[in-house]
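Take a look at the structure below.
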Amino acid sequence: MENQNAFITAKTFFTILLLTLSLLPGRSQEWQQQVDYVIDVSLDTAKKTLSGELTMTYHNNSPEALSEIKLHLWNNAYKDKGSFFDRQNLASNDSKFYWADEEKMGGYQEIAFTQNGDELAWTHPKNNIEYVSVVLPTPLSSGSSTNIDISFTSKIPYIFSRGGWAPHFFALTQWFPKAAVYDQEGWHLFPYLEMGEYFSEFGDYKVSIEVPKSYKIGATGVKTDSSVVDTSHVRHTFIAENVLDFAWFAGDDMISVHKSITLDNGHPVDLHYYAPKNYILNDVKVADSLVPQIEGVVNNNLSPIEMLERSLRFYSQEVAPYPYPQVSVVVGPLNTGSGMEYPMITLIGPTPNPMSLDRVIAHEVGHNWFQGILGFNERKSPYLDEGINSFYENKYMDQHYGIESRNFQFMYARTDLDFNQLLYLGSYQRGDLVPVNTHTHDMDLMQYYFNGYMIPPTLFQKLEEVTGPAQFKQNIIDFYQNHRFSHPTIDDLRRVFVKNDPEQRDFSWFFDDILTTMKPYDVAITEVKPDGDMYRVTVENRGSIPAPVTLKAYDGAKVMATRTTKDFKGTTTVSFPMDDYDYFAVDHRLVIDQTPHNNKYEFIPVRKQKFLNPVAGLNNPGINKIWFDPYISYNYIDGATFGLGLHNITLPGNNFEFYVQPGFGVGSNEIVGLAGMDYFLPKNNSAMRYINFGWSAKRYSYQANEEAGYHLNYFRINPHFKIAFQTSDKFNPWYKTLKISAPIVNQQTPAFNDMGEFDQKENFWRVYPRAHFQLRKYSPVNNVEVNLKAEFLSYDGFQNSAEQYLKTSVELKTDYAYAPEQRVYARFYLGGFPVNSARNIGSVANYLVPGTLGISSQSYHDYAFDGYFFDRSEQSSGILKRQIRMEDGGFKNYLGSSYAMVTGNSNSFLGAINLSLDLPVIGKKFPLKPYVDLGIYDDATPSGTGSTFLYSGGIQLGRDKWPVAIYLPLFGSEEIMNIHKEQGNLWKRLSFRMSLENFGVSEKLRDTPLSQIGIFQ
Ligand SMILES: [Zn+2]
């Protein structure tokens, strides 16, 4: 039910707000500062330093006097480990800078600020060496200008990000002390980041650069002069007017291509394409096969410089003629297909695929309009520069390669979803999404990709469909004309759309809802009915945003007719003239639609959806599919088990998931196996990521007596409820979950008659209420996992005595990389019983005294049947029974069967430390490593030894993160070594771990950050 009053009030409020806005002058910003630079620098290619002088002319157009000027020293991001740049990279699973040696680091070595020859005092605001606040002795009054002279020497870092050195190459980006933007909101100071771009004042630049003679330079601006300095050095001078930034690139083996063109409006532009002859990318030399691409023609008869021309003409026609005199593309040591834009120049990675090359050139050239000339705050609103620019990039690609060039074909073929839709829906299921207009600092890498590049282009496409292409183009042209060379915001864009709209629409569905909220969006075609010479198509808006939709009638890929509705919720009907269509589609491939399969009505379905499918696969949400996979499993009592699994667990994920895996145990003649059901409620853009409840069940045999002729089995069903929380600090993200569960276990036990003969099986039912709070941090240098657990049990003990306990534990698992990919692992465990009625009973670890903690966790410690064991009965003769789990004390020793009163068990408390080490050099390649375990346990039984310290160590084969490892204990406390001696020779103490219970696919898909899976690496 909808609250009508609230809805009307909100609508009235927005109408008033909008009227107020439209009464304001045509722009949100009434004044802006101008900062001009004259820079004179020398590049020392041997020392990799840059030194020189800079004169900054600051024009104060603000209404206030300024007593200080704030600047960015972004090169200092490379000066210290621990900078925001470093922290964000680690959070994105990138440790290249973290491991950089001194030679590869950067930063300012000397800097001084003077005004009229007098030195100026300066400080680092917020204690951040990337920011400088220069104090003016006399405040700079409104409307006046001043010169500040800056002399500096700066060490150039290795190219970890957009700028730096690589063999034979220098990329000078974000390289000089640069004034921060000062506007109505104050000073905009922000750190240099890999993920997150800029916000800069417009100004004029004159930059002189001295380099060795062998170096060619491509730069922002136009070269006005080249003069010989000495026999080996030259000085080039560039000027650029009304730009946001200045970047330059120098290489000593660069080749270049040049072309002069004239735009349709008669404006001449010089095009340059530079590329090094020898690419060295991440220390690997890239094949010379790229050289012909630079010099000649690539396989679609378009050379890179022709691609550059084509995209420059495209944007000039779609938006406005390119206003600057030159444009350059420089190929440098970035990743293939990536690029970084600067005014009039862009740096791109070596991209052998012509289509990808064309795409990256078009994209980066387009940034001259969307952020270069329309100077958006990229850090705050990446959806404006990247989003609008990617919208035009798509348009360019559609024009030249067809709409199919956008798709990840493999996935599309299987799901009818393109790659972006699949990724969006997967992330929606994980509860990872935040609104499009979120600040960069509040997003992780994946959210940034979504809200910068992936979602906005399809939203702007929808906006274009709603206004119609001609009106949309006019709106963008008006927006450009009103706001070029200034800092427009989304409000400015909105104002143009509202003002120009012939139907006086307010577009609140777009600006107030889709861009700024995570309200559900889901439209569907529910009916197509012939009616005379028309088709009546009924569309339902099932989401909560009253929005207009666009329907298209297709013949193949060709659009035959288009209809756009008014803003609506519920249903509406649209008419199309009768024709030979293949299908209708509504909001076709709009990324934010949550059930895309119902956005299409096919007259003859192209692809039949099969209900049953083998193994596993991708799915389209809302389509019911089941996967089947035959399997074989094994345990000692059930023997080989042949079964058939059925499940609906897929990418991108369903709200409801189930699996059922029955099998027949040849050894036990029993039906055994697993089953489970889960419901997930994704909570995007909230403190929670998702809520999950469900149950899992399993049944296996665990004990047998061949003489008496019985098999015993257990049945366990585990209802659970879980909340996964959203991370708060994206520079130091902690993933938190809270799980409440209550495994209900039925365990068969043998009952004997007076003669001591097997009489019958008895059933014990027990319920173990539990709480588990988990904290995790992922980092390539320091992973942390903390588990806080509590378990309560009330049960019948010996002779039906009423017993109970409360068991609590703290576990900290961490690793620390001492070199790339080489770590020290540590686990700290403390567990105990604040309450335990059986604390001093003369028995441990059996079904009459459950809960017992073990220094090494063997099958008999798994009283609630959480784990998977090959031989719970411990009757086998080989290694099968010597399986341990990484629980309780975490020792790797197999200490014998539960029938022996083994050492290391406690009904009171137990603490342990487990350490292992990746060996230097060989540890990287071969997973053989030493480990050591230390522990203390309290044996509180009447015959017990009290608090006892134990230790043991040896070597393990297998990494700690693997689900499987083999251990060979070599030394240890006397008690432990005595047990091992009784077991026989060295190989009889081999033990192993196989932690399959930690391998829940669905949970892993939802809880592992995408940066860890490596999609964005
Ligand atoms: Zn971009």
Side-chain angles (χ1 to χ4, degrees), residues 36-56 75 106 108-110 149-159 162-177 204-241 243 245-260 269-280 291 294-295 305 324-333 342-347:
D36 302 325
Y37 297 85
V38 176
I39 308 177
D40 209 330
V41 284
S42 310
L43 174 67
D44 186 328
T45 54
K47 284 195 198 145
K48 299 182 176 84
T49 58
L50 195 70
S51 52
E53 310 284 333
L54 179 157
T55 300
M56 178 176 91
N75 193 27
Y108 286 89
Q109 293 172 325
E110 287 166 25
D149 297 311
I150 306 168
S151 68
F152 65 92
T153 301
S154 180
K155 187 164 173 281
I156 302 166
Y158 177 73
I159 186 156
R162 302 171 182 93
W165 60 266
H168 308 285
F169 190 80
F170 289 85
L172 277 302
T173 62
Q174 278 79 36
W175 57 280
F176 60 94
D204 298 337
Y205 287 75
K206 182 181 178 194
V207 181
S208 295
I209 303 158
E210 184 188 311
V211 287
K213 255 183 172 167
S214 57
Y215 277 76
K216 250 185 204 171
I217 297 186
T220 297
V222 173
K223 197 196 281 181
T224 55
D225 183 50
S226 290
S227 55
V228 174
V229 177
D230 54 39
T231 50
S232 54
H233 289 83
V234 285
R235 176 169 292 274
H236 303 288
T237 302
F238 298 85
I239 58 164
E241 285 171 6
V243 288
D245 203 352
F246 189 100
W248 56 281
F249 305 92
D252 74 350
D253 69 345
M254 286 211 295
I255 48 179
S256 63
V257 189
H258 168 247
K259 188 175 183 184
S260 295
V269 187
D270 276 333
L271 316 181
H272 299 273
Y273 192 82
Y274 300 91
K277 278 185 196 142
N278 298 299
Y279 291 92
I280 297 181
V291 176
I294 300 147
E295 291 172 331
I305 199 140
Y324 296 121
Q326 74 93 8
V327 63
S328 301
V329 171
V330 180
V331 180
Y342 292 93
M344 299 187 228
I345 194 160
T346 177
L347 178 67

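What you are looking at is a predicted structure, and each value in this text was computed from that prediction instead of being measured.
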CZ of Arg235 to CG of Asp40, rounded to nearest 0.5 Å, is 4.5 Å
Closest non-hydrogen contact found for Tyr158 with Ala166 is CE1-CA, 4.4 Å
Any donor and acceptor pair, going by atom type alone, linking the side chain of Lys216 with main-chain N or O of Ile255 inside 3.5 Å?
no
Point-to-point distance, once rounded to the nearest 0.5 Å, from CG of Leu43 to CZ of Phe170:
5.0 Å
Taking every heavy atom of Gly221 against every heavy atom of Ala240, the minimum-distance pair comes out as CA-CB, 3.6 Å
Please step through side-chain contact (heavy atoms from CB on, under 4.5 Å) for the pair Tyr273 and Val331, ending with a clear verdict.
CA-CA 8 Å; Tyr273 192 82; Val331 180; 3.3 Å; yes
Pro343 versus Thr220: any side-chain heavy-atom pair under 4.5 Å?
yes
Which heavy atom of Gln109 sits nearest to which heavy atom of Thr49, and what is that distance?
OE1-CG2, 3.9 Å
Euclidean distance, His233 NE2 relative to Ile209 CD1, rounded to 0.5 Å:
13.5 Å
Run Thr237 and Ser208 through side-chain hydrogen bond (donor to acceptor under 3.5 Å, both in side chains) and show every step you take.
CA-CA 4 Å; Thr237 302; Ser208 295; 3.0 Å; yes
Count the heavy atoms of every other residue, nucleotide or ligand shown that sit under 6.0 Å from NZ of Lys47, and state whether that count exceeds 12.
no
Output yes when a side-chain donor or acceptor of Thr55 lies under 3.5 Å from a complementary backbone atom of Asp149, and no otherwise.
no
Exam field: side chain Ser328 to backbone Gly218, donor-acceptor pair closer than 3.5 Å
no
Drop me the distance from Asp253's CG to Tyr215's OH, to the nearest 0.5 angstrom.
8.5 Å
In the structure I gave you, are the side-chain heavy atoms of Val330 and Met254 within less than 4.5 Å of one another anywhere?
yes
Hey, what do you get for CG (Asp204) to CZ (Phe246), rounding to the nearest 0.5 Å?
12.0 Å
Non-hydrogen side-chain atoms of Leu50 and Leu172 separated by less than 4.5 Å
yes
Donor-acceptor contact present, side-chain Ser214 to main-chain Asp252, <3.5 Å:
no
Any Tyr274 side-chain heavy atom under 4.5 Å of Ile217 side chain
no
Taking the side chain as every heavy atom from C-beta outward, state whether Phe238 and Tyr205 have any atom pair closer than 4.5 Å.
no
Is it true that atom NZ of Lys48 has more than 12 heavy atoms of other residues, nucleotides or ligands lying nearer than 6.0 Å?
yes
Ser260 and Asp270 have their tightest heavy-atom pair at OG-OD1, 2.7 Å
Could you tell me whether the side chain of Glu53 and the main chain of Val38 form a donor-acceptor pair under 3.5 Å?
no
Could you report the tightest heavy-atom contact between Asn75 and Ser154, atom names first, then the distance?
ND2-OG, 2.6 Å
Between Ala219 and Ile345, which heavy-atom pair has the shortest distance, and what is it?
N-CD1, 3.2 Å
From OG (Ser51) to CZ (Phe152), nearest 0.5 Å
8.0 Å
Taking the side chain as every heavy atom from C-beta outward, state whether Gln174 and Asp245 have any pair of such atoms under 4.5 Å apart.
yes
Within the 4.5 Å heavy-atom criterion, are Ile39 and Trp175 side-chain neighbours or not?
yes
Do the rings of Tyr37 and Phe176 sit parallel, tilted or perpendicular, given the 30° and 60° boundaries?
perpendicular
How about Val211 and His236: do any of their side-chain heavy atoms sit closer than 4.5 Å?
yes
